[in-house]
Every structure is written in structure tokens, then in C-alpha cells.
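Computed over heavy atoms, backbone and side chain alike; hydrogens, waters and symmetry mates excluded. Sequential numbering from 1 along the given sequence is applied to the chain's residues.
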Amino acid sequence: MAAASNWELTRSLRRQERGLRHGFLPELLATAGRWKTFSAGVLIVGLFVLAAVAAPVLAPFDPAKPDYQALRQPPSQTHLFGTDDKGRDIFSRVVFGTRVSFTIALVAVAIATAAGVPIGLIVGYLGGWPDAVVGRLIDAMFAFPVILLAIAILAVTGVGLTGAIVAIGLVAIPEFARIARAAMVGEKEHDYVLAARAGGCSPARIVFRQILPNTLGAILVLISLGFAFAILNETALSFLGLGAQPPTPSWGADLAAGRRYLREAPWMSLFPGLAIFFLVLGLNLAGDGLRDLADPRRQRQ
């Protein structure tokens with residue numbers, strides 16, 4: 001009887017794992033029809049992704065090639081967004097700058113997710129002194145302003161795209177670990193976790209096969225907001241001259257260059273600023289939609 005009971009328990013746990021893995025994504029796709037903010041966010045982000053992929057086709061000029069015969073020209077049919085102080089086409093630089101922003105955001109968020117989520121899940125499950133030690137380290141990192149911590153890391157790694165990616169990824173790890181730990185603490189005392197323990201499942205299987213799918217909603221929301229966080233920090237670092245180096249197209253660097261000509265050529269800062277605004281807006285709207293999906297109370301409303 002005991003063997004039969006354990007066998008049924010194992011089958012039930014495996015069915016639950018399959019349901020969690022295969023039930024979340026179809027529900028996520030159906031969310032687009034239920035929440036307009038999610039649809040709007042995905043649409044905005046999708047347009048920027050399309051611009052990044054098709055940048056060589058969309059951009060009419062070389063974004064890094066100066067044209068000293070066309071300095072600070074206003075928007076026109078030839079130059080849709082005008083030209084900058086070196087005669088470079090701003091529309092082309094905004095389009096190619098999308099590639100730079102997405103590259104930095106993707107790699108930085110991947111670093112933060114790969115390091116922060118497992119740390120948060122493991123210490124949240126174990127509790128005790130590992131949780132206390134890691135919690136104090138995270139609190140210590142939160143004591144520093146994010147941009148100052150990123151600048152300190154850049155002092156070690158060196159300025160440039162690679163250094164910016166590493167710095168942004170490292171400063172985001174505490175936030176990812178904190179959210180993953182909070183999700184784990186809320187899940188680990190549920191009945192299905194106790195049943196998995198009673199069934200003889202290993203801690204690794206419980207954490208990554210049983211609990212992780214149930215925390216996926218919070219983690220996806222964090223990832224979407226992490227993209228916005230990474231793009232804003234990359235823009236700030238490039239604005240300070242610590243991120244992408246000239247002549248690489250970068251929204252932050254273009255903002256910094258345009259601030260000297262706000263009166264006579266405001267379009268130099270206007271269009272890179274609008275690109276930052278709309279991309280971050282789209283990521284936040286998509287994150288709000290994911291949060292609605294992950295919250296059963298909002299779904300019932």
C-alpha cells in the first residue's frame with residue numbers, strides 16, 4: 001500500500017510539473033486579448049525589435065560617417081530626424097542605437113538572471129544562516145546608488161560596451177536575487193512542496209522543477225522591468241562617456257552631444273530622448289501585463 005501511495009504521489013507531481021511548464025505560455029499568449037496595456041507594450045517593444053533587426057535596411061545613411069556639408073540640418077525628406085554636429089543622420093543613429101541598447105540589455109539581464117535567480121531561490125529555500133548572510137550582502141549592495149556602483153565596476157573593467165554590460169549586469173543581481181528569494185519564501189511552505197519532500201524528491205528537484213515554475217510569473221515581470229532598468233543605466237553611462245564610445249551609435253551619447261545645441265538644434269536630443277521614452281514605456285506596459293497575468297486576483301477582476 002505504501003509503495004502504491006508513493007507511486008501515485010510521484011505521478012501526481014509529474015503531472016503538476018508538466019501542467020506548470022505547458023500551461024503558462026498559452027495563458028500568456030491569451031493575455032494580449034485581455035489586457036490592453038500588455039498588448040500596447042508588446043507592440044511598442046516589437047516595433048523596436050523590428051527596427052533593431054532591420055537596421056541596415058531602414059537606415060538610409062551610415063550612422064558613423066560624418067558629412068561636414070550637412071552640419072545640424074533640421075528634419076527634412078532627406079534626413080527625417082535631421083543631422084547632428086558632425087553631419088551624421090540622426091534617424092540612422094537612432095535605428096542603429098536600438099541594436100546597441102538591446103544588445104547591452106539582453107546580455108546584462110541574462111547575467112543578472114543567471115546569477116541572481118538561482119541565488120535567491122536557493123537561499124530562500126535553505127533559510128537559516130545562508131539566507132542571513134546573502135541577505136546582508138544584498139542589503140549592503142543596495143546601500144550604494146546604482147549608477148555609482150556601476151561606475152565603480154567600470155573603474156575595474158574599463159569603459160566601453162563590454163564594461164557597461166558587465167557593470168549593469170552585476171548591479172542588477174541583488175534585485176533579481178531579492179525578488180527570487182521573496183517568491184521562494186512565499187511558495188516553499190505550500191502543500192505541493194511538502195508532498196514533494198514526503199515523496200523523497202531532492203532539494204534541487206523541488207527548487208527547480210516544483211517551485212521555479214510557480215515563481216515564473218514574478219521572474220518574467222522582473223526580467224521585463226530589468227530590460228528597462230538596463231537601458232536606462234546604459235543611457236546614463238553613455239551620457240557620462242563611460243558606455244558606448246564614439247562613433248558607435250548610442251542614445252545616451254547622442255543626448256550628451258545634443259545638449260550643447262538645445263537652442264539651435266533641439267532635434268539632436270529630441271529624437272534619441274523619444275526613443276528612450278517609448279522603449280522604456282513599452283517595457284513597463286509589458287511588465288504590467290505580465291504582473292496582471294501572474295496575480296490571480298487581477299485575473300478574477
Quick one: pull up [atom1] in [X] and [atom2] in [Y] and give me the separation to the nearest 0.5 Å.
X    : Y    : atom1 : atom2 : answer
F239 : D254 : CZ    : CG    : 11.5 Å
L281 : L285 : CG    : CG    : 4.5 Å
I165 : I111 : CD1   : CD1   : 7.0 Å
I104 : N233 : CD1   : CG    : 10.5 Å
I219 : I179 : CD1   : CD1   : 10.0 Å
L232 : L237 : CG    : CG    : 11.0 Å

Residue pair [X] / [Y]: nearest heavy atoms and the distance that separates them:
X    : Y    : answer
S250 : A244 : CB-CB, 3.7 Å
A236 : I147 : CB-CD1, 3.9 Å
S224 : G287 : OG-CA, 3.2 Å
G163 : T157 : CA-OG1, 3.5 Å
G169 : A112 : O-CB, 3.8 Å
M184 : Y125 : CG-N, 3.3 Å

Side chain to side chain, [X] and [Y], heavy atoms closer than 4.5 Å:
X    : Y    : value
E234 : S101 : yes
I90  : H79  : no
Y68  : P66  : yes
R93  : D84  : yes
F81  : W267 : no
D62  : D89  : no
I231 : L283 : yes
T83  : L71  : no

Do [X] and [Y] land in one hydrophobic cluster if side-chain heavy atoms of ILVMFWY residues count as linked below 4.5 Å?
X    : Y    : answer
V166 : V156 : no
I223 : I44  : yes
L50  : V45  : no
F96  : F278 : no
V134 : I173 : no

Any carboxylate oxygen within less than 4.0 angstrom of a Lys/Arg side-chain nitrogen, looking at R181 and D131? yes
Less than 4.0 angstrom from a charged side-chain N to a carboxylate O is my criterion; do R260 and D85 meet it?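 Salt bridge present between R260 and D85.
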Can a donor-acceptor pair be found, under 3.5 Å and without considering hydrogens, that links the side chain of [X] to the backbone of [Y]?
X    : Y    : answer
Q245 : G243 : yes
W251 : A275 : no
R99  : A52  : yes
S269 : P266 : no
S92  : F61  : yes

Tell me whether Q69 at atom CD has more than 12 heavy atoms from other residues, nucleotides or ligands lying less than 6.0 Å away. no
Atom CZ of residue position F144 - does it have more than 12 heavy atoms of other residues, nucleotides or ligands inside 6.0 Å?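 It does not: F144 CZ has 12 such atoms or fewer within range.
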Between T78 and Q73: side-chain donor-acceptor atoms closer than 3.5 Å: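 Their side chains do not contain a donor-acceptor pair, so the 3.5 Å distance test is not met.
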Matching residue for V146 among I168, I151, V171 - test: side-chain contact (heavy atoms from CB on, under 4.5 Å):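 Of I168, I151, V171, side-chain contact (heavy atoms from CB on, under 4.5 Å) with V146 is met by V171 alone.
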Could you walk me through whether F176 and I119 pass side chain to side chain contact (heavy atoms under 4.5 Å, CB included), step by step? CA-CA 9 Å; F176 278 72; I119 290 173; over 6 Å; no
